[in-house]
Amino acid sequence: MKNVSYKSVESKRFLVNEIPEFSCGRAWIELDGAALRYNISSLAAELPEHCELMPAVKAEAYGHGAVLISKELNQIGIQAFCVAAVAEGVQLRKNKIKGEILVLGYTHPEDFHLLCQYHLTQTVVDYPYACLLNEYGKTISVHIGIDTGMHRLGEPWENMEQIYEIFEMENLRIEGMFTHLSADDTMSPEDQEFTNAQIHDFYQVVGKLKEQGYPCPKLHLQASYGIVNYPDTAEDYARVGIALYGVLSTREDTEACRIPLKPVLSLKVRVASVRNVHSGEAVGYGRQFIAEHEMKIATLAIGYADGLPRTLSNGVGEVLVKGYRVPIIGRICMDQTMIDVTGIPDVQAGDIAVIIGTSGEEEITACDIAEQTGTISNEILSRLGSRLERIWV
Ligand SMILES: *Cc1c(COP(=O)(O)O)cnc(C)c1O
């Protein structure tokens, strides 16, 4: 019998999808706590004293694991978070996350009781929605979204009468007001002009409210690119998402970023099986790959259901094995992926392959995968599946 290695992965704190008896058997995410803390201090150093980081931990903290990340952030003094959905806020509270939790997106009126029960802050997505929140009858904490040009959520900045009315609503506790910059990721003259207009229009609203004698709530405009490209717009909070996780949306932006960041997440997987394939034989569904010579292939225990984009099939994507960069061959399956390990010494079942992260001198980042699949790192990370185990290293 061959000497098969099933080395376990060592970790200080080991919590995996709340099933502690599972231990990096198949495919998993390793979270680098030192990198997370490094990014927090890098980003905090960019902001004035009075501006607090409000990490976006929506979508399982961009795939990293919302509870794991938020607990760590709580421990290092982060006191404010934003999520997209009320259920995400409830999940955090059930796991004892402290501080302000702002729901950035829509909450159905039937779920308003959850906002009160779990002390969540709701975004006022527009004037009619403010009326619904007010009609609920119990006090709800809110931040008012102001639409300054993205045309997604927020009351349009021109509608001062509606905005005054929102400030008069007796059941809303207005703790914040914010806008979202929709073209802050490029410094093209047109985008700068547009972004500066967004900033200007937001302050028009702030100024008019002050003129009318309304108390000014906490303000925020910046997401990650806002911190990088518009440092002067820092107010009470910065809603940092992707940068906190150590990358920007594209490889180019990440390389050019003047704020030093380190990727927090690595994605690793076990080799399930290694086999030889003869010239002329096919690999995978649809026989999309035909060997042109004797080959050695390895099957990895990860597939598109885990968030590995199927468009990486047929040589588009690569993985790292023992410090070598090797191609994905054939079609990525729901739960398995085949790679070409011809000529790589001693590859065997139980070995670890790296999908995102480093191996020897080589590195593959979420941005590389995004580039290969025509998207942004945010999407690659946030789609990493719930079947993956998540651990701190
Ligand atoms: C997701 C989101 C953020 C965080 O964005 P990043 O670009 O990832 O930093 C901030 N604000 C709003 C309104 C969001 O929806």
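Position 1 is the first residue of the sequence; numbering continues from there. Whatever order the structure lists ligands and atoms in, that order sets their numbers, starting from 1. This is a predicted model, so every value here is computed, not measured.
- Panel note: side chain Asn134, backbone Asn171; a donor-acceptor pair is recorded below 3.5 Å.
- The closest protein non-hydrogen atom to atom 8 (O) of ligand 1 is Tyr62 OH, 2.5 Å.
- Salt-bridge check for Asp147 with Arg152: failed, with every basic side-chain N at 4.0 Å or more from each acidic carboxylate O.
- Here the protein heavy atom with the shortest distance to atom 14 (C) of ligand 1 is Lys58 NZ, 2.9 Å.
- Applying the 4.0 Å criterion to heavy atoms of Arg152 picks out, from ligand 1, the atoms 13 (C), 15 (O).
- Annotation: Met187, atom CE; neighbour count of heavy atoms from other residues, nucleotides and ligands within 6.0 Å is above 12.
- The protein heavy atom nearest to atom 9 (O) of ligand 1 is Ser224 OG, 2.5 Å.
- Of the charged side-chain nitrogens involved, none lies within less than 4.0 Å of a carboxylate oxygen, so that Lys296 and Asp340 do not count as a salt-bridged pair.
- Protein heavy atom nearest atom 12 (C) of ligand 1, with residue, atom name and distance: His180 CE1, 3.4 Å.
- Inclusion of Val240 in the set of residues having an N or O under 3.5 Å from an N or O of ligand 1 is not warranted.
- Glu371 contributes no side-chain N or O that, together with a main-chain N or O of Ser377, makes up a donor-acceptor pair within less than 3.5 Å.
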List the steps, then state whether side chain to side chain donor-acceptor pair (under 3.5 Å) holds for Tyr127 with Glu165. CA-CA 9 Å; Tyr127 172 77; Glu165 266 192 62; 2.5 Å; yes
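- In terms of protein heavy-atom proximity, atom 11 (N) of ligand 1 is closest to Arg239 NE, 2.8 Å.
- Contacts of Ile242 with ligand 1, taken as heavy-atom pairs under 4.0 Å, involve both backbone and side chain.
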